[in-house]
Amino acid sequence: MSRPWFFLSDLTPLGADQKAEWQAWRLAVLIAWGTLVLALIVNATSIQLEDARSGGPTAALYPWILEGSSVVITMALVPLIMRFGLWAPLESGRWLSALPWHIGGLLTYNILHVIGMVALRKLAWWAWYDGPYVFFGHVWLELVYELRKDAFTYMLHQLILIGTLALARSRLELAAARDTAREGQRLTLKSGGRVIRVEAALFSHAQARGNYVEIHFTTGQHLVRMTLAQLADQLAEARIPAVRCHRSWLVHTGRIREILPTGEGDARVRLDDDVEIPASRRYRERLQAA
């Protein structure tokens with residue numbers, strides 16, 4: 001597990017990985033707050049619209065107090081929920097050991113949420129209504145009802161955190177790959193669960209294949225999970241002259257032997273090993289300029 005959340009602060013010296021986690025946590029909190037505000041607006045106005053459709057009196061403050069008290073307390077607890085997710089990550093290979101901690105985290109969140117929500121409602125009822133607010137009717141039914149909702153909210157927030165962490169780590173990997181290309185003149189490629197590093201100067205051409213790119217080197221080829229744009233970024237960092245000749249093709253300009261027009265505005269690019277690849281009219285000027 002990572003270090004406990006209470007050690008994470010802006011005053012703590014952090015490495016690149018920990019800074020990325022910290023930024024992912026902040027983004028996750030902002031996204032969660034945004035979804036909570038949106039839920040408040042939708043739920044409160046839905047209650048008002050249902051009252052209007054049924055022909056009864058439309059309560060002005062009641063739905064906003066009812067839903068808002070829950071949202072305010074949840075928003076206050078979201079940073080703690082997210083930090084707890086950093087400490088006990090629900091990720092591949094670790095989620096089983098983290099699960100008991102999250103069951104405890106869910107129950108703690110549920111208790112704090114209900115206590116805080118009821119306290120706010122009692123305060124609001126005292127300020128705007130004549131009678132006291134009574135939360136518990138059938139105690140166990142009410143608790144199960146709130147726990148069910150809180151379980152969904154808790155897991156949604158953990159999923160948001162997992163998503164922002166994945167995004168942050170992907171950005172870190174891309175930055176590290178660019179650094180390797182710039183400093184070591186090597187491309188960093190992911191293929192079949194392996195990380196492969198290949199001399200950038202060996203690059204010949206590449207073709208996009210869905211979510212993958214088939215990269216051809218003078219020594220062989222690799223099918224890797226990346227985009228042509230990401231490959232082009234690494235090649236640029238390694239100072240390899242490569243350009244798009246087609247929306248699905250990237251080519252090392254130093255390996256072009258000739259450009260053969262097709263008579264329709266498009267062309268074929270013949271490389272120094274006699275391989276031919278397509279060139280579309282959209283990229284032809286850029287190709288010839290290179």
Side-chain angles (χ1 to χ4, degrees), residues 5 23-90 95 98-99 101-168:
W5 60 264
Q23 292 168 353
W25 171 83
R26 288 178 172 175
L27 178 59
V29 169
L30 290 175
I31 293 173
W33 281 348
T35 59
L36 287 168
V37 170
L38 181 61
L40 168 61
I41 294 171
V42 170
N43 292 339
T45 54
S46 294
I47 293 173
Q48 291 179 321
L49 289 172
E50 287 298 324
D51 288 345
R53 289 176 61 187
S54 64
T58 302
L61 287 177
Y62 174 78
W64 295 97
I65 293 173
L66 197 68
E67 299 294 331
S69 58
S70 175
V71 167
V72 166
I73 297 301
T74 301
M75 289 180 72
L77 294 173
V78 158
L80 299 179
I81 294 172
M82 298 297 191
R83 288 190 176 188
F84 190 72
L86 288 180
W87 182 72
L90 289 168
W95 70 269
L99 189 58
W101 291 98
H102 282 283
I103 292 173
L106 167 61
L107 295 175
T108 303
Y109 160 62
N110 175 244
I111 292 169
L112 293 175
H113 176 227
V114 171
I115 291 173
M117 178 180 65
V118 171
L120 285 182
R121 289 178 182 178
K122 284 184 176 292
L123 182 62
W125 253 249
W126 174 80
W128 281 288
Y129 299 104
D130 295 332
Y133 172 76
V134 179
F135 174 70
F136 293 109
H138 297 85
V139 177
W140 291 110
L141 287 178
E142 295 286 357
L143 290 176
V144 169
Y145 174 75
E146 291 299 329
L147 180 60
R148 182 198 62 176
K149 292 197 302 181
D150 287 347
F152 174 80
T153 301
Y154 184 91
M155 286 308 303
L156 175 62
H157 292 159
Q158 293 301 328
L159 289 173
I160 291 172
L161 179 63
I162 290 170
T164 58
L165 283 172
L167 178 62

Can you name the closest pair of heavy atoms from Trp101 and Ala88 and give their distance?
CB-CB, 4.3 Å

Roughly how far apart are Leu90 CG and Met155 CE, rounded to 0.5 Å?
5.5 Å

Are any non-hydrogen side-chain atoms of Tyr109 and Thr153 less than 4.5 angstrom apart?
yes

Can you see which heavy atom on Trp33 is nearest to which on Pro79, and at what distance?
CZ2-CG, 4.0 Å

Can you check whether Ala44's main-chain N or O pairs, donor with acceptor, with Trp64's side chain at less than 3.5 Å?
no

d(Leu38 CG, Asn43 CG) to nearest 0.5 Å is 9.0 Å

Minimum-distance pair of heavy atoms, taken over all atoms of Trp25 and Leu161
CA-CD1, 4.1 Å

To check you understand the geometry: which heavy-atom pair defines the closest contact between His157 and Ala32, and what is its length?
CD2-CB, 3.7 Å

Between CG of Leu106 and CG of Leu147, what distance do you get to the nearest 0.5 Å?
5.5 Å

Would you compute the distance between atom CD of Glu50 and atom OG1 of Thr45 and round it to the nearest 0.5 angstrom?
10.5 Å

Any side-chain heavy-atom pair from Tyr129 and Ile65 closer than 4.5 angstrom?
yes

About how many Å separate CG of Leu40 and CG of Leu66, when rounded to the nearest 0.5 Å?
10.5 Å

Could you state the interatomic distance from OG1 (Thr164) to CG (Leu159), rounded to the nearest 0.5 Å?
11.0 Å

Only residue of Val78, Val72, Val71 satisfying side-chain contact (heavy atoms from CB on, under 4.5 Å) with Thr74 is Val78

Looking only at non-hydrogen atoms, find the nearest pair between Ala28 and Met82 and report the distance.
O-CE, 3.5 Å

Show the nearest heavy-atom pair for residues His113 and Leu77, with the distance to one decimal.
N-CD1, 4.0 Å

